[in-house]
Number of protein chains: 2
Amino acid sequence: MIIDKGIITISEHERQERFQALMARIRGAGHRMTAQREAVVRALVNSERHPSAEELFTSVRAEHSGLSLATVYKTLDVLKALGEVLELEFRDGAMPGNRYDGVRPHAHPHLVCVSCGTIEDLETDPLAGQAQAMAESRGYRVERYRFDLYGLCPTCQARARACGHTR
Amino acid sequence: MIIDKGIITISEHERQERFQALMARIRGAGHRMTAQREAVVRALVNSERHPSAEELFTSVRAEHSGLSLATVYKTLDVLKALGEVLELEFRDGAMPGNRYDGVRPHAHPHLVCVSCGTIEDLETDPLAGQAQAMAESRGYRVERYRFDLYGLCPTCQARARACGHTR
DNA sequence: TTAAATGCAAATTTTTTGCGTGATG
DNA sequence: CATCACGCAAAAAATTTGCATTTAA
């Protein structure tokens with residue numbers, strides 16, 4: 001796991017480990033393993049994009065031509081039930097549909113480019129600050145959080161500049 | 001504006017001021033004022049619940065029986081375009097549909113009860129911490145953020161206990 | 001008076017579900 | 001061989017859109 005300026009990247013090797021762990025987890029929970037499930041899990045783990053269900057469907061279907069979108073959702077449901085995938089809800093703006101993180105299923109902050117849809121993982125714990133203390137002082141029991149920063153990635157800023165846009 | 005243990009509450013007087021400001025803003029932007037628009041804006045500003053479109057529709061329809069849900073969405077679109085409402089996306093869990101904050105349209109953290117759907121405003125700036133610095137050191141330009149804590153409010157914890165649930 | 005806003009209903013979009021068939025353990 | 005999972009297509013749920021009618025300015 002490489003952390004550069006607070007942004008987390010994962011190695012090929014770690015992806016393979018994660019894939020094996022997920023396979024074991026699914027079987028261990030009493031679920032059967034199928035070609036479709038394996039392919040969806042592999043695509044989820046190998047993607048650098050925090051893919052949407054549609055993206056998973058498209059990329060997996062390239063090999064397994066008989067895959068259905070429903071199966072993608074059902075596989076994601078299994079992983080959600082096991083707590084092994086983090087679901088990021090997106091509806092409006094440049095990001096239609098939810099996105100999924102199967103590599104780091106625990107809550108963590110994201111850096112979202114509103115132009116190209118890239119999502120990067122941030123290495124920070126926002127609960128370490130005042131937020132959780134405030135919640136607890138009011139009697140809340142905090143179970144999870146969502147912290148996403150929206151903006152423009154360097155690439156999209158450069159493109160905007162090249163096209164004559166200001167700012 | 002009352003801040004108690006980091007949670008923000010707003011007075012009746014401030015709601016009225018906000019209502020007047022929104023009316024002026026809508027007219028100032030060249031939009032016409034209609035009975036429906038006025039009623040939706042008033043309901044939005046007076047709600048303590050960060051209401052959904054459906055909730056606004058139901059509460060306003062009580063008086064203005066001829067209101068349509070489409071008009072609620074169109075009014076929210078006007079406010080969104082003016083940057084005068086904060087839209088919180090919710091799809092799954094105990095929270096179907098988006099919720100809207102017309103009182104504080106700038107990004108701020110929320111405390112969300114996953115059991116009863118209550119949303120409270122937190123008085124903290126998560127960008128003051130490491131997050132923004134990390135984003136900027138990687139060349140991102142951060143435009144907005146979303147920071148929501150999910151958990152159980154004191155009331156729902158008490159109810160869970162009373163019903164024999166553990167934890 | 002005229003351009004904008006409304007209500008209605010149909011269309012979109014994303015996700016879920018029911019069911020008959022096929023494959024896993 | 002008994003389930004569980006699959007694909008398909010229909011259903012749901014939330015939001016958007018088209019259009020004829022009404023209304024604010």
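In this text, all values refer to a predicted model and were calculated from it rather than measured experimentally. Protein chains get the first letters and strands the later ones, always in sequence-line order, with residue 1 at the start of each.
- Note on B:E120 versus B:K5: no salt bridge recorded, every NZ/NE/NH1/NH2 to OD/OE distance being 4.0 Å or above.
- Atom CD of A:E55 is separated from atom P of C:dT15 by 11 Å (rounded to the nearest Å).
- Along DNA chain D, the nucleotide closest to B:P96 and the one closest to A:G30 are compared, and the more 5′ of them pairs with A:G30.
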Exercise for the section: Please assess B:Y145 against B:L127 for the test side-chain contact (heavy atoms from CB on, under 4.5 Å), listing each intermediate value before the final yes or no. Expected result: CA-CA 8 Å; B:Y145 69 86; B:L127 293 188; 3.6 Å; yes
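- Relative to the ring axis of B:F90, B:R146 places its NZ or CZ within 45° and under 6.0 Å from the centre.
- A sub-4.0 Å separation between OP1 or OP2 of C:dG7 and a side-chain N or O of B:Q36 is present.
- Of the possible polar contacts, none joining the B:R141 side chain to the A:L152 backbone as a donor-acceptor pair under 3.5 Å is found.
- Between the C1' atom of C:dT16 and the CG atom of A:L76 lies a distance of 13 Å, rounded to the nearest Å.
- Here A:D77 pairs with A:K80 in a salt bridge; the nearest charged N to carboxylate O distance falls below 4.0 Å.
- At a threshold of 4.0 Å, the pair A:E14-A:R18 does not count as salt-bridged, since none of the basic side-chain nitrogens sits closer than that to a carboxylate oxygen.
- The separation between B:E89 atom CD and C:dT14 atom C1' is 12 Å, rounded to whole Å.
- Between the CZ atom of B:F90 and the C1' atom of D:dT15 there is a distance of 17 Å, rounded to whole Å.
- Considering only side-chain atoms of B:R91, the nucleotide from C:dT15, D:dT15, D:dC8 that sits closest is C:dT15.
- Checked by atom type, the side-chain pair A:Y150/B:E143 shows no donor-acceptor distance below 3.5 Å.
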Readout for nucleotides 16-25 of chain D: B = base within 4.0 Å of protein heavy atom, S = sugar-phosphate only, - = neither; 5' to 3' it is BBB-----BS
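- Rounded to a whole Å, the CD1 atom of B:I26 is 16 Å from the P atom of C:dA4.
- Within the structure, every side-chain polar atom (N or O) of A:N98 is placed at least 4.0 Å from both OP1 and OP2 of C:dT14.
- Contact annotation: B:S68 does not reach the phosphate of C:dC8 (side-chain N/O to OP1 or OP2, under 4.0 Å).
- Here the P atom of nucleotide D:dA14 and the CZ atom of B:R99 are 13 Å apart, to the nearest Å.
- Put simply, NE2 on B:H64 is 15 Å from C1' on C:dG7, counting in whole angstrom units.
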